[in-house]
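In this chain, residues are counted from 1 in sequence order. Start at 1 and go down the list; that is how both ligands and their atoms are numbered. Keep in mind that what you see is a predicted model, and the values were worked out from it rather than measured.
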Amino acid sequence: MTFVGTPVLTYFFGKRWYCSWVCGCGGLAETAGDPFRHLSDKSLKAWKIERWMIHGVLVAVILMTGLLWVNSWQQGGVLGSFSQAYSTAYGYIIGMAFSGVVGVGFYPIMGSRVWCRFGCPQAAILGLFQRKKSKFRITTNGGQCISCGNCSTYCEMGIDVRAYAQKGQDIVRASCVGCGVCSAVCPRGVLRLEGAGEDMDQRTEQMRTVRVEG
Ligand code: SF4
Ligand code: SF4
């Protein structure tokens with residue numbers, strides 16, 4: 001999956017195939033966390049911190065995975081009992097405290113995608129593929145934008161979508177999970193999810209109807 005499935009699926013669908021359709025954390029964020037999606041920090045400072053943190057986690061995970069493979073190959077001769085201590089510490093600090101307590105418990109404070117934005121190594125890998133090599137993107141026909149800000153307000157990943165729309169720039173961001181809500185809440189039909197085909201347009205239209213009626 002890492003070397004074949006993930007690149008191929010991300011090329012066609014962007015990271016949405018995993019972050020919105022497969023991942024349990026994503027599923028929780030888009031159900032239980034949905035009422036809090038507008039609380040995500042949209043500032044440049046948050047974006048900067050996000051990039052440093054998520055790529056730092058990715059590097060740490062790659063190094064540790066490599067080390068654990070070598071350790072296993074050497075039948076525990078490299079790390080000794082440290083591998084068990086590391087595993088326990090990772091479970092508590094990352095698994096429980098970060099992705100659990102902060103990632104889910106802080107929905108009402110920091111929005112619904114804290115873990116996905118700042119800590120998930122899988123999101124980091126998918127994001128790199130999406131930014132460099134993917135057909136998926138959100139396109140804009142900027143001339144129609146009335147700067148209402150709905151798109152930015154409801155972006156759960158803290159992307160200032162309006163800034164792109166005003167400049168008429170496609171939104172190619174590593175963090176975008178392709179939820180489609182920015183497109184669904186735009187009153188002018190400025191935003192469109194490209195690379196997903198006809199079905200996506202229909203789904204966006206359905207989401208727009210549900211949100212308007214809701
Ligand atoms: S699809 Fe739109 S609302 Fe959803 S994460 Fe991407 S930019 Fe944000
Ligand atoms: S929701 Fe649409 S009209 Fe409003 S700021 Fe975003 S792109 Fe512009």
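- Every atom of ligand 2 is numbered from 1 in the order shown, and the set under 4.0 Å from a heavy atom of Val190 is 7 (S).
- Checked by atom type and distance alone, the side chain of Gln130 pairs as donor or acceptor with a backbone atom of Arg173 at under 3.5 Å.
- Close approach to Ile146 involves these atoms of ligand 2, each under 4.0 Å from a residue heavy atom: 3 (S), 8 (Fe).
- Short contacts between ligand 2 and Ser147, defined as distances under 4.0 Å to a heavy atom of the residue, involve ligand atoms 5 (S), 8 (Fe).
- Electrostatic pairing of Arg113 and Glu50 does not count as a salt bridge here, judged by no charged N lying under 4.0 Å from a carboxylate O.
- Atom 4 (Fe) of ligand 2 has an N, O or S atom of Cys148 inside 2.8 Å of it.
- Summary of contacts: the protein heavy atom closest to atom 1 (S) of ligand 1 is Gly180 N, 3.3 Å.
- Remark: the backbone N or O of Ala174 is not paired with any side-chain donor or acceptor of Arg131 at under 3.5 angstrom.
- Closest to atom 8 (Fe) of ligand 2 among all protein heavy atoms lies Cys145 SG, 2.4 Å.
- With a 4.0 Å cut-off on non-hydrogen atoms, Ile138 touches ligand 1 through its side chain and not its backbone.
- Residue Met157 has at least one heavy-atom neighbour below 4.0 Å for each of these atoms of ligand 1: 5 (S).
- Taking the six-membered ring wherever Trp is involved, the centroid distance between the rings of Trp17 and Phe12 does not fall below 6.0 Å.
- Asp160 and Ser152 are linked by a side-chain donor-acceptor pair at a separation below 3.5 angstrom, with hydrogens and angles left out of the test.
- Atom 2 (Fe) of ligand 1 has its closest protein heavy atom at Cys182 SG, 2.3 Å.
- When all heavy atoms of Arg117 and Ile54 are compared, the closest pair comes out as O-CD1, 3.5 Å.
- Taking the six-membered ring where the residue is Trp, Phe98 and Trp115 present perpendicular rings, their angle passing 60° and hence far from 30°.
- For the side chain to side chain contact (heavy atoms under 4.5 Å, CB included) criterion with Ile159, the lone passing option out of Ser175, Cys182, Cys151, Ser40 is Ser175.
- If you check which protein heavy atom lies closest to atom 4 (Fe) of ligand 1, you get Cys179 SG, 2.2 Å.
- Closest non-hydrogen pair, His55 versus Arg51, comes out as ND1-O, 2.9 Å.
- Counting only heavy atoms of the protein, atom 5 (S) of ligand 1 lies nearest to Val177 N, 3.6 Å.
- Donor-acceptor pairing under 3.5 Å is recorded for the side chains of Ser20 and Glu30.
- For Val161, the heavy-atom gap to ligand 1 drops under 4.0 angstrom.
- Applying the 4.0 Å criterion to heavy atoms of Cys186 picks out, from ligand 2, the atoms 1 (S), 2 (Fe), 3 (S), 7 (S).
- Close approach of ligand 2 to Cys151 (heavy-atom distance below 4.0 Å) involves ligand atoms 1 (S), 5 (S), 6 (Fe), 7 (S).
- In this structure, the protein non-hydrogen atom closest to atom 6 (Fe) of ligand 1 is Cys176 SG, 2.3 Å.
- Distances from atom 7 (S) of ligand 2 to the heavy atoms of Ala165, Cys155, Gly149 show the closest one on Ala165.
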